Protein chains: 2
Amino acid sequence: MKKVSDSTVLRLSLYRRHLREFQDQGRLTVSSGDLAARAGTTAAQVRKDLSVFGTFGKRGLGYPVAELAGALRDILGLRRPWRVAVVGTGRIGGALMGYREFRSEGFHIVLGFDADPDKVGSTIQGIPVRSDDDMERELVEREIDIVIVAVPAGAAQRVVDRAVGVGARAILNFAPVALEVPEGVALRTVNMAVELEGLSYALAEARRDAHRGGE
Amino acid sequence: MKKVSDSTVLRLSLYRRHLREFQDQGRLTVSSGDLAARAGTTAAQVRKDLSVFGTFGKRGLGYPVAELAGALRDILGLRRPWRVAVVGTGRIGGALMGYREFRSEGFHIVLGFDADPDKVGSTIQGIPVRSDDDMERELVEREIDIVIVAVPAGAAQRVVDRAVGVGARAILNFAPVALEVPEGVALRTVNMAVELEGLSYALAEARRDAHRGGE
DNA sequence: GGATGTGAATGTCTTCACAGCT
DNA sequence: AGCTGTGAAGACATTCACATCC
């Protein structure tokens with residue numbers, strides 16, 4: 001299979017979300033321009049992205065909403081639910097365990113892990129919390145597909161190594177640190193601190209420009 | 001000023017983090033290769049990124065750790081604290097209000113906003129929650145620099161429009177939706193659902209490859 | 001007529017490779 | 001000798017523009 005860029009996949013997710021809105025409005029077809037306007041991109045980009053996976057539209061007409069939405073579900077692997085575990089049930093991990101958007105998209109968080117003995121055995125948002133010590137066994141037994149890492153930065157690489165050691169293939173990292181995974185393991189990092197610093201940069205930059213008369 | 005890409009700014013944040021580690025270890029200089037190894041990129045990339053902002057290294061020697069860390073603080077606008085407000089104090093918003101990484105990097109969350117009258121007047125993580133109705137006035141009076149949006153997708157654009165209407169220049173969005181802002185307003189979106197779907201795509205893709213014999 | 005699908009052109013980011021400073 | 005700084009090359013992503021089909 002040809003390599004597909006991360007940004008294309010990201011946009012496919014967006015397209016699918018907006019397709020559902022069109023569907024709710026009862027629209028039967030959309031043009032690439034319609035979708036682009038909603039997703040914040042261009043018509044050509046929409047067509048290029050979709051063309052990677054096949055031809056879904058009819059010339060002169062546009063794309064059939066329901067059919068394209070279904071195709072995107074297939075492409076994105078959302079046809080069947082995935083089993084997810086959250087490692088680290090602090091504020092962030094706990095919030096993720098209750099995040100409705102995950103469940104409604106077919107990501108079922110079935111377990112949490114924590115090192116704190118006081119938390120082990122309790123439930124958060126109705127989801128049982130297990131001991132960090134049992135992570136490897138539980139990941140295998142409960143057939144976890146995706147591991148969400150929500151531990152402090154210093155502990156994250158160790159968690160990932162252990163998870164990968166028992167066959168984890170997909171990891172979503174919320175620790176503010178760059179992680180290493182072997183080939184064949186999918187890793188995404190959500191680094192909120194880095195995003196904030198990006199804004200800080202923009203503010204500082206604007207201020208510098210102002211002081212200089214914005215050359 | 002020349003345009004600097006988002007990915008460069010993102011990496012500068014990472015470099016700064018790792019520089020602190022080197023500093024803690026007592027190292028006085030680092031090479032671009034050292035930094036690259038930690039940040040998960042290449043030596044050439046590190047040098048290119050830094051060269052956009054000046055020349056910080058000494059040939060044959062490397063970069064002075066403390067000095068470069070300081071320069072990056074300046075570049076990223078982290079020399080002085082920023083005042084932040086969180087709109088929407090549900091699970092995600094609440095977790096962000098307690099996120100230590102923000103405060104320790106100089107992002108001071110001074111206010112929360114919520115539409116729920118039961119929450120208004122209370123505090124979350126020691127931070128007062130104000131009424132959503134008073135948002136515009138409070139943003140101005142409390143001189144908020146950065147607005148974090150943690151409301152449901154359907155409410156996000158409205159919040160952004162109101163904030164921008166009273167002069168907000170930087171927005172960090174956690175709602176799973178693409179937002180519009182006028183020129184000159186910095187916007188970053190953290191779309192956790194989209195990231196998960198990226199992993200779902202990778203898993204589905206691996207599975208498709210396996211069934212086909214991985215061409 | 002209207003909108004797709006796509007090669008070609010353009011733009012952007014990354015990597016190479018090496019001259020030049022310490 | 002070691003490592004930076006940087007033009008040039010290469011890879012990748014986006015946009016253009018148009019033939020093609022409904």
Side-chain angles (χ1 to χ4, degrees), chain A residues 1-15 18-19 22 27-72 75 178 194 198 201-202, chain B residues 1-16 18-19 22 27-72 75 178 194 198 201:
Chain A
M1 188 76 182
K2 58 241 159 240
K3 255 202 353 252
V4 180
S5 80
D6 278 3
S7 25
T8 292
V9 176
L10 179 151
R11 284 189 301 264
L12 294 181
S13 290
L14 291 180
Y15 301 157
H18 293 295
L19 278 172
F22 284 115
R27 301 253 322 242
L28 295 179
T29 61
V30 283
S31 67
S32 53
D34 293 339
L35 259 183
R38 297 268 189 121
T41 181
T42 66
Q45 184 73 75
V46 169
R47 297 200 298 275
K48 253 286 141 69
D49 286 337
L50 295 177
S51 76
V52 174
F53 296 95
T55 94
F56 304 100
K58 282 210 185 3
R59 294 168 193 236
L61 240 182
Y63 299 91
V65 173
E67 211 178 302
L68 181 56
L72 289 179
I75 291 165
V194 160
Y201 169 80
Chain B
M1 189 75 182
K2 58 245 158 232
K3 257 203 352 255
V4 180
S5 80
D6 278 2
S7 24
T8 292
V9 175
L10 179 151
R11 284 190 300 266
L12 293 182
S13 290
L14 292 180
Y15 301 158
R16 196 181 65 90
H18 292 295
L19 279 172
F22 283 116
R27 299 250 328 238
L28 296 178
T29 62
V30 284
S31 67
S32 53
D34 293 338
L35 260 182
R38 297 269 189 119
T41 181
T42 66
Q45 184 72 75
V46 170
R47 297 200 297 275
K48 253 286 138 72
D49 286 338
L50 295 177
S51 76
V52 174
F53 296 95
T55 92
F56 304 100
K58 282 210 187 1
R59 294 170 192 233
L61 241 180
Y63 300 89
V65 173
E67 210 178 302
L68 181 56
L72 289 180
I75 292 165
V194 161
Y201 169 80

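Residue numbers start from 1 in every chain, and the chains themselves are labelled A, B, ... in the order their sequence lines are given, proteins ahead of strands. The basis for the numbers below is simple: all heavy atoms, side chains too, and nothing from hydrogens, waters or symmetry mates. Just so you know, these numbers come straight off a predicted model, no measurement behind them.
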With a strict under 4.0 Å distance from non-hydrogen atoms of chain A, what nucleotide opens and what nucleotide closes the contacted stretch of DNA chain C, reading 5' to 3'?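 With heavy atoms of chain A under 4.0 Å away, the range is C:dG2 to C:dA8.
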Determine whether A:Leu50 and A:Leu12 satisfy the following criterion, side chain to side chain contact (heavy atoms under 4.5 Å, CB included), listing intermediate values before the conclusion. CA-CA 8 Å; A:Leu50 295 177; A:Leu12 294 181; 4.0 Å; yes
Going 5' to 3' through nucleotides 17-22 of chain D, assign each nucleotide B (protein heavy atom under 4.0 Å from a base atom), S (under 4.0 Å only from sugar-phosphate atoms) or - (no protein heavy atom that close). B-BBBB
Might you point out which heavy atoms bring [X] and [Y] nearest each other, and give the distance in Å?
{"X": "B:Val52", "Y": "B:Val4", "answer": "CG1-CG2, 3.9 Å"}
{"X": "A:Val194", "Y": "B:Ser13", "answer": "CG2-CB, 3.8 Å"}
{"X": "A:Leu19", "Y": "A:Val30", "answer": "CD2-CG2, 3.9 Å"}

Could you give the [atom1]-to-[atom2] distance, from [X] to [N], as a whole number of Å?
{"X": "B:Leu50", "N": "D:dT6", "atom1": "CG", "atom2": "C1'", "result": "13 Å"}
{"X": "A:Asp6", "N": "D:dT14", "atom1": "CG", "atom2": "C1'", "result": "16 Å"}
{"X": "A:Asp49", "N": "D:dT15", "atom1": "CG", "atom2": "P", "result": "10 Å"}

Which is more 5' along DNA chain D, the nucleotide nearest B:Ala43 or the one nearest A:Ser7? Just name the residue.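 Result of the comparison: B:Ala43.
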Going by heavy atoms closer than 4.0 Å, what residues in residues 27-41 of chain B are next to DNA chain C?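 Nothing qualifies; none.
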Side-chain-base donor-acceptor pair under 3.5 Å for A:Lys48 and D:dT15: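 Yes, a donor-acceptor pair under 3.5 Å.
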It should be established whether A:Gln45 places a side-chain nitrogen or oxygen under 4.0 Å from OP1 or OP2 of nucleotide D:dA13.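 Checking D:dA13 against A:Gln45, no side-chain N or O comes under 4.0 Å of OP1 or OP2.
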For residues 31-40 of chain A, please give each side-chain donor-acceptor pair under 3.5 Å, one per line with the distance, not counting sequence neighbours.
unit_1  : atom_1 : unit_2  : atom_2 : d
A:Ser31 : OG     : A:Gly33 : N      : 3.4
A:Ser31 : OG     : A:Asp34 : N      : 3.1
A:Ser31 : OG     : A:Asp34 : OD1    : 3.4
A:Ser31 : OG     : A:Asp34 : OD2    : 3.3
A:Ser32 : OG     : A:Arg47 : NH1    : 3.1
A:Asp34 : OD2    : A:Arg27 : NH2    : 2.8
A:Asp34 : OD2    : A:Ser31 : N      : 3.2
A:Arg38 : NH1    : A:Glu21 : OE1    : 2.5

Bend across the helix from C:dG1-D:dC22 to C:dT22-D:dA1, to 10°, with axes taken over 5 pairs at each end?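 The two end axes of the helix from C:dG1-D:dC22 to C:dT22-D:dA1 meet at 10°.
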Inter-residue atom distance B:Asp6.CG - A:Tyr201.OH, 0.5 Å rounding: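 So the CG of B:Asp6 and the OH of A:Tyr201 are separated by 9.5 Å.
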Tell me, which pairs form a side chain to side chain donor-acceptor pair (under 3.5 Å) where one or both residues lie in residues 48-58 of chain A, sequence neighbours left out?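 Counting only pairs at least two positions apart or across chains, the side chain to side chain donor-acceptor pair (under 3.5 Å) contacts touching residues 48-58 of chain A are A:Thr8-A:Asp49, A:Arg11-A:Asp49, A:Tyr15-A:Asp49, A:Gln45-A:Asp49.
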